[in-house]
Amino acid sequence: MKLDFVHIADIGSHVGREVTLKGWLYHKRSSGKIHFLQFRDGTGTIQGVMAKSEVDQGTFELGEGVTQESSVMVRGLVREDKRAPSGYELTVKSLEILQLTQDYPITPKEHGPAFLMENRHLWLRSSRQHAALRVRDTIEQAIHGFFHREGFIHTPAPILTPTACEGTTTLFQTDYFGQPAFLSQSGQMYIEATAAAFGKVYTFTPAFRAEKSKTRRHLTELWMVDAEASFFEHAENMQCQEGMVCAVVERVLNDCQAELKTLERDTAPLEKIKGPFPRISYKEAVELCNKAGVQIEYGEDFGAPHDTAIAGSFDRPVFVDRFPTSIKSFYMQPDPQDPTVVLGSDLYATEGYGEIIGGSQRIHDLDLLLKKMEEHKVPYEPYKWYVDLRRYGSVPHSGFGIGIERTVCWICGLSHIRESIPFPRMLEKIYP
RNA sequence: UCCAGCGUAGCUCAAUGGUAGAGCUCCCGGCUGUUAACCGGGUUGUUGGAGGUUCGAGCCCUCCCGCUGGAGCCA
């Protein structure tokens, strides 16, 4: 596409030429007879220098009056300059103000999280937020790329569903032509069906959790990638997860150095993310916790301090598998060696970022699934279609789900999940 | 749902129970290499709300509202 203006990201290929930029005034410093005008256009930022001796009086006054976040069109000469962080500067020849902004709320000074969240629609323009969401985009692209290279087909799961996936978790309810419907909390069961149709599949869909969780790790609306593969057993499932995580980290390190620098992310821990990841059993994890001084009984589920103790013992993500049947979902395949545990795994990220993936081999035996449903008091009628998958050409199959926002937090080194998505939906918060 | 902390200027925060302040934003002036620029001057208040104790409450007490973090649950 041929445009009559250039993007800042491409500025390096226009050195020595006069170009037009369209964007916003990010920041300004002035020194009497010279203005330093920081422009941004979404692709990057560049400093424009406007000297009084080099422009006419009207232009210089425009430079003096232009305010933070005014939309502008600027024409100038591109130069290389060692003093500029990006290596390039613009000698401004003319400036047109498309709209003069008055009293932009987010100043270059400090602000609290409540104020910034009230102004999330504007906060997105700030460099840190901009960088994190660009990394998010790269992560999403890397995931799509990985699955397609591995022969997975994207089969979206529905968001409006007639029943709860796992029954226990709180769901958002809505009205569907007079019938109750629920916003999906996972696409997993639906892609077990598409996996039987296409072999290897994934879905990249929002998931909704109405739990009253109020921490820096929780959203009520989050994005999940669920993958499912026919004929994959527990070991292949973990291998696939490991491959995906490595591909994502590698891609971000390759494409997002500037963003990681803006985020002040230490990339050394990320450079170490290479397979194979350690694999320990739930039993070993319990022993590890108790040895580390974080008490836990065999049979209890891990809490936040246990996550930290487990993940803190490794410099790569770690799989914990073979959880007691009692603390996991009804559809997980029991371990043939020890039916009191299931062939399910959680993957913990490094540096205390917690669980990012949960996966398991699913029960493929019809009678066993029916028995487990009865034990867990899962009603048959709404799940008849799910049981059918075990009735018509059932095969061993496995899958997993990865939380996008937690992955973004981990890779970007963010301290709060609200910065990992443009418009976070948190407990009782839905503005803007 | 439970626990903890916090609500003072547009923003970030001060203020022994005794006259409500600073920095920044913004406005005016100065400065030709600034990087959250700097220097000088100026504008800015129903101290979240209601009630109470007190000669006197931003500060103490009660209730309510809002915000932030954590627990549980999870990704």
Side-chain angles (χ1 to χ4, degrees), chain A residues 26-38 45-55 60 63-65 67-69 79 81-86 89 91 101-119 123 126-128 165-166 168-171 185-188 205-226 241 300-307 327-329 346-349 353-359 400-410 415-418 420-421 426-429 431:
Chain A
Y26 188 56
H27 195 50
K28 179 179 78 172
R29 282 176 287 273
S30 179
S31 180
K33 296 196 176 61
I34 185 165
H35 302 312
F36 298 99
L37 306 169
Q38 247 81 39
T45 62
I46 190 170
Q47 173 162 275
V49 182
M50 184 193 279
K52 192 169 187 177
S53 57
E54 291 171 13
V55 293
F60 194 73
E64 192 161 320
T67 52
Q68 188 192 359
E69 286 303 322
R79 314 182 264 102
D81 194 309
K82 289 197 180 90
R83 289 169 293 191
S86 69
E89 264 192 1
T91 302
T101 288
Q102 303 282 3
D103 299 320
Y104 186 70
I106 302 177
T107 66
K109 295 292 174 179
E110 60 205 303
H111 297 289
F115 176 79
L116 289 168
M117 284 311 298
E118 277 290 303
N119 290 283
W123 191 22
S126 303
S127 59
R128 258 188 79 83
C165 259
E166 301 182 26
T168 53
T169 319
T170 324
L171 294 165
Q185 57 174 344
S186 166
Q188 181 218 311
T205 29
F208 302 88
R209 305 281 166 94
E211 294 146 0
K212 304 247 174 188
S213 298
K214 194 180 175 180
T215 79
R216 70 179 74 182
R217 297 183 308 280
H218 289 87
L219 292 168
T220 53
E221 178 181 309
L222 58 121
W223 285 78
M224 288 217 345
V225 175
D226 282 292
Q241 295 167 42
E300 290 177 340
D301 211 348
F302 298 126
H306 310 110
D307 290 10
I327 56 171
K328 286 292 176 183
S329 301
D346 286 347
L347 182 70
Y348 293 92
Y353 280 90
E355 185 188 339
I356 54 171
I357 297 182
F400 63 93
I402 177 168
I404 293 298
E405 287 77 18
R406 285 192 179 174
T407 304
V408 172
C409 281
W410 170 49
S415 59
H416 201 298
I417 202 160
R418 67 185 155 221
S420 67
I421 182 169
M426 323 239 320
L427 184 59
E428 285 161 12
K429 284 193 74 75
Y431 178 90

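Everything numeric in this text was worked out from a predicted model, so none of it was measured. To find a chain, count down the sequence lines: A is the first, B the second, and so on, and within it residues start at 1.
Atom CD1 in A:Ile417 sits about 17 Å away from atom C1' in B:U68, given to the nearest Å. Rounded to whole Å, the distance from CG on A:Leu347 to C1' on B:C74 is 15 Å. A straight line from CD of A:Glu64 to P of B:U32 spans 12 Å, rounded to a whole angstrom. For the pair A:Phe208 CZ and B:C74 C1', the computed distance is 16 Å after rounding to whole Å. B:A75 atom P lies 12 Å from atom CD1 of A:Ile402, rounded to whole Å. Computed from coordinates, the A:Met50 CE to B:G33 P distance equals 17 Å when rounded to whole Å. The CG atom of A:Leu427 sits 10 Å away from the C1' atom of B:U1 (whole-angstrom rounding). At whole-Å resolution of the value, CD1 in A:Ile106 and C1' in B:A36 are 14 Å apart.
Side-chain contact, A:Thr91 with A:Arg79: a donor N or O sits under 3.5 Å from an acceptor N or O.
If you find the closest nucleotide of RNA chain B to A:Pro108 and to A:His416, the one lying nearer the 5' end belongs to A:Pro108. With RNA chain B read from its 5' end, the first of the two nearest nucleotides for A:Arg83 and A:Asp103 is the one closest to A:Asp103.
Among B:C67, B:A71, B:G33, the nucleotide with an atom closest to any side-chain atom of A:Gln47 is B:G33. Here the nucleotide nearest the side chain of A:His27, chosen from B:A36, B:A75, B:C67, is B:A36. Among the nucleotides B:U32, B:A75, B:G69, the one closest to the side chain of A:Ile34 is B:U32. Residue A:Thr215 places its side chain closer to B:G72 than to any other of B:C74, B:G72, B:U34. When each of B:G33, B:C31, B:C73 is scored by its nearest atom to the side-chain atoms of A:His218, the top-ranked nucleotide is B:C73. In the set B:G70, B:A75, B:U32, B:G70 carries the atom at the smallest distance from any side-chain atom of A:Lys214. Listed candidates were B:U32, B:A71, B:A75. Nearest to the side chain of A:Ser31 is B:U32.
Across B:C63 and B:G69, the matching C1' atoms stand 24 Å from one another, rounded to whole Å. Distance check on atom C1': B:G30 versus B:G7 gives 40 Å, rounded to whole Å. Nucleotides B:U43 and B:U62 are separated by 40 Å at their P atoms, to the nearest Å. Taking atom C1' in both B:C65 and B:A75, the straight-line distance is 32 Å, to the nearest Å. The P atoms of B:G10 and B:G45 are separated by 8 Å, rounded to the nearest whole Å. Between B:G33 and B:A20, the two C1' atoms lie 41 Å apart (nearest whole Å). The gap from the C1' atom of B:U25 to that of B:C61 amounts to 38 Å, rounded to the nearest Å. Across B:G56 and B:G52, the matching C1' atoms stand 15 Å from one another, rounded to whole Å.
In this structure B:U47 sits in no base pair that meets the Watson-Crick or G-U test at under 3.5 Å. In a base pair of the Watson-Crick type (N1 to N3 plus N6-O4 or O6-N4) or a G-U wobble (N1-O2 and O6-N3), with each distance short of 3.5 Å, B:U12 is matched with B:A22. The pairing partner recorded for B:U68 is B:A4, the criterion being a Watson-Crick or G-U wobble arrangement whose two distances lie under 3.5 angstrom. Pairing of B:G29, defined by two Watson-Crick or G-U wobble distances under 3.5 Å, is identified with B:C39. In this structure, B:G17 makes no Watson-Crick or G-U wobble pair, since no nucleotide meets both defining distances under 3.5 angstrom. Nucleotide B:G58 is matched to nothing when pairs are restricted to Watson-Crick or G-U wobble geometry with both distances under 3.5 angstrom.
For the atom pair OG of A:Ser30 and NZ of A:Lys52, the computed distance is 10.0 Å after rounding to the nearest 0.5 Å. A:Glu64 CD to A:Leu37 CG: the interatomic distance, rounded to the nearest 0.5 Å, is 11.0 Å. Atom CG in A:Asp103 sits 8.5 Å away from atom OG1 in A:Thr67 (nearest 0.5 Å). From A:Lys28, atom NZ reaches atom CE of A:Met50 across 10.0 Å, with rounding to the nearest 0.5 Å. Distance check, rounded to the nearest 0.5 Å: CD1 of A:Ile404 to CG of A:Leu222 gives 9.5 Å.
Residue A:Leu222 is classed as a base contact, given a heavy-atom separation below 4.0 Å to a base. At the heavy-atom level, A:Glu89 lies under 4.0 Å from base atoms of the strands shown. Backbone-only contact: A:Ile357 has heavy atoms under 4.0 Å from sugar-phosphate atoms and none from a base. Nucleic acid contact class of A:Asp301 (heavy atoms, under 4.0 Å, all strands): sugar-phosphate only. A:Ala84 comes within 4.0 angstrom of no nucleic acid atom, judged by non-hydrogen atoms across all strands.
Judged by distance alone with a 3.5 Å cut-off, no donor-acceptor contact links the side chain of A:Thr107 to the base of B:G10. Side-chain atoms of A:Ser53 and base atoms of B:U32 include a donor and an acceptor less than 3.5 Å apart. Side-chain to base pairing of A:Arg406 with B:C74: one donor and one acceptor N or O lie within less than 3.5 Å of each other.
When side chains are defined from C-beta on, A:Trp223 counts as touching A:Ile421, because their heavy atoms get closer than 4.5 Å. The side-chain heavy atoms of A:Gln241 and A:Ile356, taken from C-beta on, include no pair separated by under 4.5 Å.
Neither OP1 nor OP2 of B:G33 sits under 4.0 Å from any side-chain N or O of A:Arg79. The phosphate of B:G70 has OP1 or OP2 within less than 4.0 Å of a side-chain N or O from A:Arg216. Neither OP1 nor OP2 of B:G72 sits under 4.0 Å from any side-chain N or O of A:Arg217. Listed pair A:His35 / B:U32 fails the phosphate criterion, with no side-chain N or O lying under 4.0 Å from OP1 or OP2.
Taking the six-membered ring for Trp and thresholds of 30 and 60 degrees, A:Phe302 and A:His306 have ring planes inclined between 30 and 60 degrees apart. The aromatic rings of A:His35 and A:Phe60 lie parallel to each other, with less than 30° between the two planes, well short of the 60° mark.
Residue A:His27 comes nearest to A:Pro108 through the heavy atom pair CE1-CG, 3.2 Å, listed as atom of the first residue, atom of the second, then distance.
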Pairs under 3.5 angstrom, nitrogen or oxygen only, protein versus nucleotides 12-15 of chain B, please.
residue: B:U12; atom: OP1; partner: A:Gly112; partner atom: N; Å: 2.8
residue: B:U12; atom: O2'; partner: A:Glu110; partner atom: OE1; Å: 3.0

